[in-house]
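Below you'll find the structure, written out as structure tokens, and then a few comments.
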Protein chains: 2
Amino acid sequence: MTYSLTPAIQDYLEVIHDLSKHDSKVRITDIARKLNVAKSSVTEAIELLHAKNLVQKERYGPITLTRNGEREAAKLKYKHLLISKFLRDVLNVTADTAEKDACLIEHVVSVETMLALIQLLESKNYLDNDIDIEEVKILLSTNSLSNLAPGTKGTIKRVEATGELRRRLMEMGVTSGDDIQVKRVAPMGDPIEITVKGYNLTLRKNEAAAILIEIN
Amino acid sequence: MTYSLTPAIQDYLEVIHDLSKHDSKVRITDIARKLNVAKSSVTEAIELLHAKNLVQKERYGPITLTRNGEREAAKLKYKHLLISKFLRDVLNVTADTAEKDACLIEHVVSVETMLALIQLLESKNYLDNDIDIEEVKILLSTNSLSNLAPGTKGTIKRVEATGELRRRLMEMGVTSGDDIQVKRVAPMGDPIEITVKGYNLTLRKNEAAAILIEIN
DNA sequence: CTAATAAGTTAGGTTAAACTAACAATATTA
DNA sequence: TAATATTGTTAGTTTAACCTAACTTATTAG
Ligand SMILES: [Mn+2]
Ligand SMILES: [Mn+2]
Ligand SMILES: [Mn+2]
Ligand SMILES: [Mn+2]
């Protein structure tokens with residue numbers, strides 16, 4: 001398992017996300033057409049996304065994003081949208097160029113720059129009111145604990161769990177604001193060993209998936 | 001021959017340019033250290049740059065940029081500089097992040113966006129007076145005729161030749177403002193067949209290198 | 001002026017992301 | 001329901017960009 005997504009793979013995620021807004025079932029062929037690649041290339045990419053737990057799919061079946069895939073796709077969508085908006089509204093670049101540039105820059109720009117860009121757009125009142133920009137900031141600056149590499153240090157920003165799972169995590173002492181370090185990750189990403197408040201914990205993947213970390 | 005440079009290859013060019021400012025001889029080892037890659041990777045990249053007529057080098061000898069390599073490197077240098085300046089001065093991003101982001105964005109940003117960015121920096125008086133920004137605009141929006149793909153259409157922006165060569169080109173009817181189309185390019189990029197003012201011309205590589213085209 | 005050190009090259013691999021061509025499974029439609 | 005069309009997979013290649021290990025050529029220091 002690698003812990004970062006290449007630009008090419010990110011574009012697959014983005015397209016799947018887009019397609020699933022409109023059509024109920026996302027199919028290999030649709031993705032191939034949208035990205036202008038061969039079907040076989042899509043099959044391969046989907047296998048990779050599946051291995052990273054970003055999509056769900058069985059043989060010959062349709063593709064759906066996992067919780068994690070949804071999150072990563074949403075990050076990309078917002079980066080794209082915000083960069084494109086900046087290019088159009090601040091730099092006055094043509095819509096077509098803005099789209100193309102945004103879809104390339106989104107893969108290489110840092111979180112720090114994205115947050116600064118949001119600040120600029122906010123200060124000029126260029127942001128639509130229908131997006132919760134505070135939520136977007138958190139989305140962009142956090143990662144699910146379930147896809148962090150061993151050794152990563154960070155701070156718990158939020159525990160996105162309810163009911164039994166939330167209670168269990170609270171009991172273990174997993175709370176917002178705590179410093180955390182990923183100790184070890186088993187081959188398939190399950191279980192994950194972490195350190196919080198000096199204690200060593202072992203989490204299942206679904207537990208880790210609910211914990212949002214701000215890497216530092 | 002391919003007609004575009006990948007981000008990786010562009011970074012090699014940029015580093016060679018940088019190193020040749022300070023040291024008189026640019027060596028494989030220096031480039032390897034700067035880019036954090038193995039010497040053998042540099043050897044390979046240099047071969048590629050040589051095939052594209054961007055660097056000059058003989059076995060075990062030092063590396064120098066060709067006229068064309070110099071031009072491409074300068075483009076990159078200015079893109080880097082301007083994007084980095086924007087990130088620091090307009091977005092107030094830290095110097096370190098600005099450097100890193102600039103060195104990634106420079107490879108994917110369009111000319112249109114770069115020109116718009118320059119306009120923004122100009123309007124805010126953020127540009128140093130020691131750079132001739134009008135020259136930079138021309139640099140960024142043109143390509144040497146010697147590295148355009150067959151089929152490319154454009155306009156002659158400038159003929160950077162003096163003496164005999166200039167006279168010869170003028171005689172053939174190659175003048176600024178003319179529309180041009182690249183018809184055929186021989187295997188090693190020499191000679192190049194073009195159409196200007198309805199006439200078919202055949203140019204040697206060194207002649208074509210002096211002609212700057214704005215692609216349209 | 002040799003011997004050690006440094007620099008550069010070559011050979012052989014690996015990984016990601018494409019591709020084409022051939023085939024298998026599923027859906028559609030007559 | 002059988003034939004046809006569409007969709008998805010598999011196998012085998014290709015290209016770019018890296019790598020390590022082994023080797024060759026140049027440089028430098030005694
Ligand atoms: Mn993209
Ligand atoms: Mn995009
Ligand atoms: Mn760069
Ligand atoms: Mn750079």
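Letters A, B, ... are given to chains in the order of the sequence lines, protein chains preceding strands, and every chain is numbered from 1.
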Pairs where residues 134-156 of chain B contributes a residue and the test salt bridge (Lys or Arg N to Asp or Glu O under 4.0 Å) is met, not counting sequence neighbours:
B/E122-B/K137, B/E134-B/K137, B/E135-B/R158

Under 4.0 Å, counting only non-hydrogen atoms across every strand here, what does A/N36 touch: a base, just sugar-phosphate, or nothing?
sugar-phosphate

Mind checking what makes side chain to side chain contact (heavy atoms under 4.5 Å, CB included) contact with B/D89, not counting sequence neighbours?
B/K85, B/Y126

Any salt bridge (Lys or Arg N to Asp or Glu O under 4.0 Å) pairs touching residues 11-29 of chain B, not counting sequence neighbours?
B/R27-B/D30

Is there any ring-ring contact (aromatic ring centres under 6.0 Å, His included) pair reaching into residues 50-104 of chain B, and which pairs are they, with sequence neighbours excluded?
A/F86-B/F86

Looking at C/dA16, I'd like to know if its phosphate oxygens (OP1 or OP2) sit under 4.0 Å from a side-chain N or O belonging to A/T6.
no

Across the strands shown, which category fits A/A8 at heavy-atom distances under 4.0 angstrom: base, sugar-phosphate, nothing?
sugar-phosphate

I need the CD-P distance between B/E44 and C/dT15, as an integer number of Å.
17 Å

Between P of C/dA16 and CG of A/D11, the distance in whole Å:
17 Å

Tell me every residue that passes side-chain hydrogen bond (donor to acceptor under 3.5 Å, both in side chains) with A/S110, counting only those two or more places apart in sequence or in another chain.
A/T113, B/D101

From CG of B/L48 across to C1' of D/dA17 the rounded distance in Å is 10 Å

Between C1' on C/dT9 and CD1 on B/I46, what's the gap in Å once rounded to a whole number?
13 Å

Counting heavy atoms not belonging to A/K100, are there more than 12 under 6.0 Å from its NZ?
no

For nucleotides 1-9 of chain D, read 5' to 3', which letter fits each nucleotide if B means a protein heavy atom sits under 4.0 Å from the base, S means only the sugar-phosphate is that close, and - means neither?
------SBB

